[in-house]
There are 2 protein chains.
Amino acid sequence: MTGFSTVLPAGRKRRGEGHTRREEILQAAKDLFLEQGYDSTTIRRIADRVGISAPALYLYFRDKEALMLALCDQTFAHLIEAVAEIERTVADPLERVRRFGEAYVRFGLTHPDEYRLVFLNANIPEAIRKVGHRAATDDPTKPGVGGALVFKRLVAFLVELEASGTKLNYPPDTCGELCWMGLHGLVSAFILKPEFPWSDRELLIKGMLEIHLKGILRTP
Amino acid sequence: MTGFSTVLPAGRKRRGEGHTRREEILQAAKDLFLEQGYDSTTIRRIADRVGISAPALYLYFRDKEALMLALCDQTFAHLIEAVAEIERTVADPLERVRRFGEAYVRFGLTHPDEYRLVFLNANIPEAIRKVGHRAATDDPTKPGVGGALVFKRLVAFLVELEASGTKLNYPPDTCGELCWMGLHGLVSAFILKPEFPWSDRELLIKGMLEIHLKGILRTP
DNA sequence: AGCGTTAACTGAACATTGATAAGTTATCGG
DNA sequence: CCGATAACTTATCAATGTTCAGTTAACGCT
């Protein structure tokens, strides 16, 4: 039961309607990616789904990497939205940090493939690997900075937390990095090693959040 | 400055000396892998280094995956040895856990490429992905169980720790998983995102160890 | 010394991959 | 209706992992 879906040729786009095709390609790539994973998301198969020839893809994306980058940013928007939601609805800085952790883990576990693409892949070309944690100084209008944006929010929460009088055991950015590393370790473990007999998932999530909150807050 | 090293043809092996060639292949693959990374470690290039034809490789390895698996196990032996060293020289269970963490991080940071191959790669075929954390019930004589063996040692340390009277906040295996996830998050962050402006590396390592030790030990 | 078996190995080829070059077609403004 | 050009295709490239069919050389045996 693999790749039987060849789509009928799509009509040529009207002049000036190229961006439409671009989005069709993105959608097809995303579908394929979610259905069959990265390895099956080939240029030819994407083109096939859209109903155009393979080289036509290169009219809209410089190369496969650029296509995947665009996909990543699209998905990251979801996580950014989730964090914005927290900022809108939660006032307490400590609670914001906890909610951030929960949202991050939930995002990773419900979008495992994108998570792999953005945060885990050591095999994919350099530029894609960087997407997750490109330096915060990079041009934020360019594709591939979603991860850094999210991370900056976490650090901002920690700065608030410190400003509100809570003592931290490390500088806010170090705290943020430690928390992210723990959350990332958790998510990537579940994603990369699903066959491992992990103990209760909810316990692990709760435990990881507890450990890190307890670890960064100074308690005399 | 890339791939100029083509090696002269090696003489045919005597009858019964095939295993020698097998090890030559492994060595060449390892060198190439360390020098140029996974993407450059192709069947043809490996064969080229050894001085044989590409198909000759398939006399000694079922496929590329099997070759890489063998490489992984070879490298894992180093980590296993480091852990055994701890068992030999350190008696205190708590200290054993701390030393395990240090050794694990040191291993990851000094063997980043192997670490990527074994623990990080979401793109490489399934069997290689599993290497790091194959279920402990798997046949331990088969290749690819190095990761699980190491992890079992950590859990054993935690069981000792509990037996010695120290109260834990979670069951030993859950504690082990949490610790491993944190350590792994740390190592993989450094490896996958070297360009990110992390705060002081030593502080992060020390912090991660502290956080997790504090987190799993019950302190009333 | 010669012969047959077979381990060790090679050359050519296949299907896929991402990517490019060069040419074609259809749309649209004037 | 015509010329410019956006949109697209066909043919092709080099590289990848892998297989097939054959070849060569080492060894035991008579």
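Naming: A, B, ... by sequence-line order, numbering from 1 per chain. This structure is a prediction, so every number in the text was calculated from the model and none was measured.
Taking atom CG on A:Leu67 and atom P on C:dT17, their separation rounds to 15 Å, with Å as the unit. A:Leu59 places its CG atom 14 Å from the C1' atom of C:dG23, with the value rounded to the nearest Å. Computed from coordinates, the A:Glu23 CD to D:dA7 P distance equals 14 Å when rounded to whole Å. Computed from coordinates, the A:Asp48 CG to C:dT17 C1' distance equals 15 Å when rounded to whole Å. Here C:dG11 presents its P atom at 14 Å from CG of B:Leu57, a figure rounded to the nearest Å. The separation between B:Arg22 atom CZ and C:dA8 atom P is 13 Å, rounded to whole Å. Nucleotide D:dA25 holds its P atom 16 Å from the CD1 atom of B:Ile52, rounded to whole Å.
Atom CZ of B:Arg88 sits in a crowded spot, with more than 12 heavy atoms from other residues, nucleotides or ligands closer than 6.0 Å.
Note on residues 204-213 of chain B: pairs passing side chain to side chain donor-acceptor pair (under 3.5 Å), not counting sequence neighbours, are A:Tyr170-B:Glu210.
An OP1 or OP2 oxygen of D:dC8 is reached within less than 4.0 angstrom by a side-chain nitrogen or oxygen of A:Arg21. Distances shown here put every side-chain N or O of B:Tyr60 at or beyond 4.0 Å from the OP1 or OP2 atom of C:dA8. Under 4.0 angstrom from either OP1 or OP2 of D:dA15 there lies no side-chain N or O belonging to B:Arg45.
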Detail all sub-3.5 Å separations between protein N/O atoms and N/O atoms belonging to nucleotides 17-20 of chain D.
residue : atom : partner : partner atom : Å
D:dG17  : OP1  : B:Lys64 : NZ           : 2.9
D:dG17  : OP2  : B:Ile43 : N            : 3.0
D:dG17  : N7   : B:Arg44 : NH1          : 2.8
D:dG17  : O6   : B:Arg44 : NH2          : 3.0
D:dT18  : OP2  : B:Tyr58 : OH           : 2.8
D:dT18  : OP2  : B:Lys64 : N            : 3.0
D:dT18  : O5'  : B:Tyr58 : OH           : 3.3

Pairs under 3.5 Å (N/O, protein and nucleotides 25-30 of chain C):
residue : atom : partner : partner atom : Å
C:dT25  : O2   : A:Arg12 : NH1          : 2.8
C:dT25  : O2   : A:Arg12 : NH2          : 3.1
C:dT27  : O2   : A:Arg15 : NE           : 2.8
C:dT27  : O2   : A:Arg15 : NH2          : 3.1

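Taking A:Pro171 as the reference, A:Asp173, A:Thr174, B:Leu203 meet the side chain to side chain contact (heavy atoms under 4.5 Å, CB included) condition, with sequence neighbours excluded. With sequence neighbours excluded, the residues forming a salt bridge (charged side-chain N to carboxylate O under 4.0 Å, His left out) with A:Lys13 are A:Glu24, listed by chain and number. Under the rule for a salt bridge (charged side-chain N to carboxylate O under 4.0 Å, His left out), B:Arg98 has no partner lying at least two apart in sequence or in another chain.
Checking B:Ser40 against A:His19, the closest nucleotide of DNA chain D that is more toward the 5' end is the one next to A:His19.
The aromatic rings of B:His111 and B:His78 sit tilted relative to each other, their planes meeting at an angle between 30° and 60°.
In this structure, B:Arg201 forms a cation-pi arrangement with B:Phe190, its terminal cationic atom sitting closer than 6.0 Å to the ring centre and no more than 45° off the ring axis.
Proximity of a side-chain donor or acceptor of A:Glu177 to a complementary backbone N or O of B:Ser199 within less than 3.5 Å is detected.
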Working note: B:Glu87 + B:Arg99, criterion salt bridge (Lys or Arg N to Asp or Glu O under 4.0 Å); need CA distance, chi angles, decisive distance, verdict.
CA-CA 10 Å; B:Glu87 289 175 337; B:Arg99 292 287 206 88; over 6 Å; no
